[in-house]
Amino acid sequence: METRTRKLDHLRITLLNDVEAGDTWFKYVKLIHRAAPELDLNEVDTRIELFGKTLNAPIIVTGMTGGNEHSAKINATIAEVVEELGLGMGVGSQRAAIEDPSLSWTYRIAREKAPNALLIANIGAPQLLKGYGVTEIKKAIEMIDADAIAIHLNAAQEAFQPEGDVDFKGIIDKVAEIVDELDTPVIIKETGAGIDYETAKAFNEVGIQAFDVSGCGGTSWVKVEMYRAYEKGEEELGLAASWLSDWGIPTAASIMEVRTAAPNSIIIGSGGIRNGMEAAKALALGADVVGVALPALKAAYAGKEELRKFMKAMMIAIKAALFLTSSPNAEEIKGKAVIFGPLKEWIIERGLYEYWLGSNKPKR
Ligand code: FNR
């Protein structure tokens with residue numbers, strides 16, 4: 001019940017308030033235009049293979065919701081659109097339905113509406129530390145017949161929840177245990193504060209081969225909790241959250257951190273991606289696929305038409321950016337960007353520049 005109320009709070013707050021904070025730093029990335037692309041736009045192939053499915057473009061809607069009737073409607077709308085366009089989606093944390101199986105339908109509806117699309121199950125890292133194991137993870141996967149499962153890290157959010165699960169000790173070992181016993185791919189996913197080199201490396205060393213960076217610059221869960229704290233009259237918590245609302249690694253930097261730490265992993269570039277240009281930049285920095293959450297939620301709320309329009313525009317823009325960088329497919333745009341300003345300084349300071357230069361050499 002408590003989980004359910006909190007989830008409704010989250011939906012209401014994200015839809016009615018400005019919950020974005022920080023900066024993705026995509027403004028410090030410029031794609032390198034090829035005046036003579038030597039390609040036919042019609043032959044640019046935006047399809048990718050991801051977790052055993054073929055996507056028509058490298059775009060997914062990342063996990064947001066489930067657990068109540070409103071969420072079920074949103075999941076259904078997103079599912080119908082991704083099925084129609086040949087994209088993918090995640091559902092929100094399935095904890096509610098694991099605790100109360102009568103809520104399973106609010107997640108399963110995604111698979112019913114999207115029988116062929118890529119679907120990603122979702123569970124929070126704190127749950128793993130509080131007793132969830134392979135059994136619960138398998139339940140989450142089976143609930144939606146998922147192609148992969150995301151384990152989300154949300155330490156920044158938990159730190160500002162009065163009821164937060166704030167003990168993250170032992171999470172890497174716990175994930176290692178689970179990965180060993182699962183056939184389904186596991187994605188380590190942040191929720192708006194980004195993944196750093198050290199964390200990606202540690203998870204990669206225990207067998208994780210997929211990351212959803214969910215960097216800073218889009219939805220801020222610290223900011224969402226700030227609104228909740230103020231609503232509840234928890235002034236000190238609200239004020240503290242307001243100071244850290246732009247906490248995290250900008251999405252552009254996070255993609256580069258993870259790509260360097262785990263060069264052969266699958267990277268979902270997400271967090272603050274609001275248009276096709278930012279999506280193309282994410283791919284150029286090293287993401288294999290991009291993820292959007294808040295814009296898809298808002299569009300889905302406005303209706304299927306609105307969401308379809310947004311996703312189709314993203315597809316057209318990515319295809320154009322591939323064409324204009326002379327990239328016959330999404331893999332080929334990697335490295336075809338110049339980074340400057342604070343992003344470049346970050347990459348140099350963090351010791352990642354040599355790696356980036358390696359992928360950025362002009363391909364003549
Ligand atoms: C989320 N997000 C999220 N992530 C997750 O792994 N499990 C979850 O249950 C949720 N729930 C959720 C609800 C709502 C309403 C939103 C807007 C987001 C995080 C989401 O997948 C994504 O990582 C971040 O929101 C950053 O992307 P955007 O919103 O900046 O595009």
Side-chain angles (χ1 to χ4, degrees), residues 3-4 6-24 26 59-68 70-71 74-75 78 88-98 106-107 110 120-128 140 144 146 148-158 161 186-195 210-225 227-228 245-252 254-255 268-275 278-279 282 287 290-301 310-311 314:
T3 311
R4 208 170 160 184
R6 188 170 56 239
K7 287 283 160 193
L8 278 172
D9 276 356
H10 287 154
L11 259 190
R12 176 178 51 77
I13 291 171
T14 43
L15 283 167
L16 297 179
N17 299 277
D18 173 12
V19 293
E20 296 183 272
D23 192 330
T24 58
F26 283 123
I59 311 167
I60 63 167
V61 177
T62 60
M64 285 184 281
T65 200
N68 57 68
H70 299 288
S71 303
I74 292 164
N75 276 339
I78 298 172
M89 72 177 278
V91 295
S93 168
Q94 290 165 266
R95 175 186 175 186
I98 288 171
T106 64
Y107 300 90
I120 302 174
N122 192 293
I123 228 51
Q127 270 59 61
L128 294 182
I144 61 164
I149 180 157
I151 295 178
H152 73 251
L153 302 168
N154 63 342
Q157 176 187 19
E158 299 286 352
Q161 276 185 10
V186 177
I187 305 162
I188 288 295
K189 175 182 184 301
E190 239 289 344
T191 46
I195 301 180
F211 297 90
D212 179 340
V213 305
S214 191
C216 171
T219 306
S220 157
W221 283 93
V222 177
K223 203 166 172 190
V224 174
E225 295 303 339
Y227 287 111
R228 264 182 93 224
S245 64
D246 66 348
W247 183 269
I249 303 173
T251 297
S254 184
I255 293 168
I268 302 169
S270 73
I273 291 186
R274 299 293 173 259
N275 60 57
E278 290 161 352
V290 298
V292 289
L294 191 61
L297 176 71
K298 288 186 172 163
Y301 215 75
F310 175 72
M311 299 305 274
M314 292 283 279

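As a basis for the values below, the full set of heavy atoms in this structure was taken, side chains included, without hydrogen atoms, waters or symmetry mates. Just so you know, ligand 1 is whichever comes first in the structure, and atom 1 is the first atom listed for that ligand.
- Residues Leu153 and Ile188 are in side-chain contact: their nearest non-hydrogen atoms beyond the backbone lie under 4.5 Å apart.
- When side chains are defined from C-beta on, Ile123 counts as touching Ile98, because their heavy atoms get closer than 4.5 Å.
- Using a 4.0 angstrom heavy-atom cutoff, Lys7 counts as in contact with ligand 1.
- Here is the list of ligand 1 atoms found below 4.0 Å of a heavy atom in Thr191: 4 (N), 5 (C), 6 (O), 23 (O).
- Among the atoms of Gly218, none of the N or O lies under 3.5 angstrom from an N or O of ligand 1.
- Note: an N/O pair closer than 3.5 Å links Thr62 and ligand 1 by distance alone.
- Looking at Asp212 against ligand 1, nothing comes within 4.0 Å, counting heavy atoms.
- The N/O atoms of Lys189, backbone and side chain alike, include one that comes under 3.5 Å of an N/O atom in ligand 1.
- Between the side chain of Gln94 and the backbone N or O of Ala97 there is no donor-acceptor pair closer than 3.5 Å.
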Inset, instruction - Take Arg6 and Asp9 through the salt bridge (charged side-chain N to carboxylate O under 4.0 Å, His left out) test and state the conclusion after the steps. - result: CA-CA 5 Å; Arg6 188 170 56 239; Asp9 276 356; over 6 Å; no
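- In Leu294, the parts holding a heavy atom less than 4.0 Å from any atom of ligand 1 are both the side chain and the backbone.
- Without hydrogens or angle criteria, Asn75 side chain to Thr65 main chain gives a donor-acceptor distance under 3.5 Å.
- For atom 18 (C) of ligand 1, the nearest protein heavy atom (residue, atom name, distance) is Trp221 CZ2, 3.3 Å.
- If you look at Glu20 next to ligand 1, there are no close heavy atoms at all, none under 4.0 Å.
- Residue contacts with ligand 1: Gly271 is included, with a non-hydrogen atom under 4.0 Å away.
- Atoms of ligand 1 found under 4.0 Å from any heavy atom of Leu297, numbered from 1 in the order shown, are 15 (C).
- The shortest side-chain heavy-atom distance between Arg228 and His10 falls under the 4.5 Å cut-off.
- Contact annotation: Thr65 has no heavy atom less than 4.0 Å from any atom of ligand 1.
- For ligand 1 and Ser93, the ligand atoms under 4.0 Å from any heavy atom of the residue are 7 (N), 8 (C), 9 (O).
- The two residues Val213 and Ser254 have their closest heavy-atom pair at CB-OG, 3.4 Å.
- When non-hydrogen atoms are compared, ligand 1 lies under 4.0 Å from the side chain of Arg274 (C-beta onward) but not from its backbone.
- What sits closest to atom 15 (C) of ligand 1 on the protein, heavy atoms only, is Thr14 OG1, 3.5 Å.
- Checked against a 3.5 angstrom limit, the closest N/O atoms of Met64 and ligand 1 fall inside it.
- Of the protein's non-hydrogen atoms, Gly63 O, 3.4 Å is the one closest to atom 10 (C) of ligand 1.
- Counting heavy atoms under 4.0 Å from ligand 1, residue Asn122 touches it through the side chain alone.
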Inset, instruction - Show the numbers, then the answer: is there a side-chain contact (heavy atoms from CB on, under 4.5 Å) between Leu16 and Tyr227? - result: CA-CA 11 Å; Leu16 297 179; Tyr227 287 111; over 6 Å; no
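- No donor-acceptor pair under 3.5 Å is formed between the side chain of Lys223 and the backbone N or O of Ser245.
- Rounded to the nearest 0.5 Å, atoms CD1 (Ile149) and NZ (Lys189) are 12.5 Å apart.
- Thr251 places a side-chain N or O within 3.5 Å of a backbone atom of Gly271 that can act as its donor or acceptor partner.
- Geometrically, ligand 1 and Thr219 share a nitrogen or oxygen pair separated by less than 3.5 Å.
- Contacts of Ala293 with ligand 1, taken as heavy-atom pairs under 4.0 Å, involve both backbone and side chain.
- Taking a 4.0 Å cut-off on heavy atoms, Gly272 registers as neighbouring ligand 1.
- Interface of Ser214 with ligand 1, defined as ligand atoms under 4.0 Å from a residue heavy atom, comprises 22 (C), 23 (O), 24 (C), 26 (C).
- Within the 3.5 Å criterion, the main-chain N or O of Glu20 finds a donor-acceptor partner in the side chain of Asp18.
- Counting heavy atoms from C-beta outward, Phe26 and Ile273 have side chains that approach closer than 4.5 Å.
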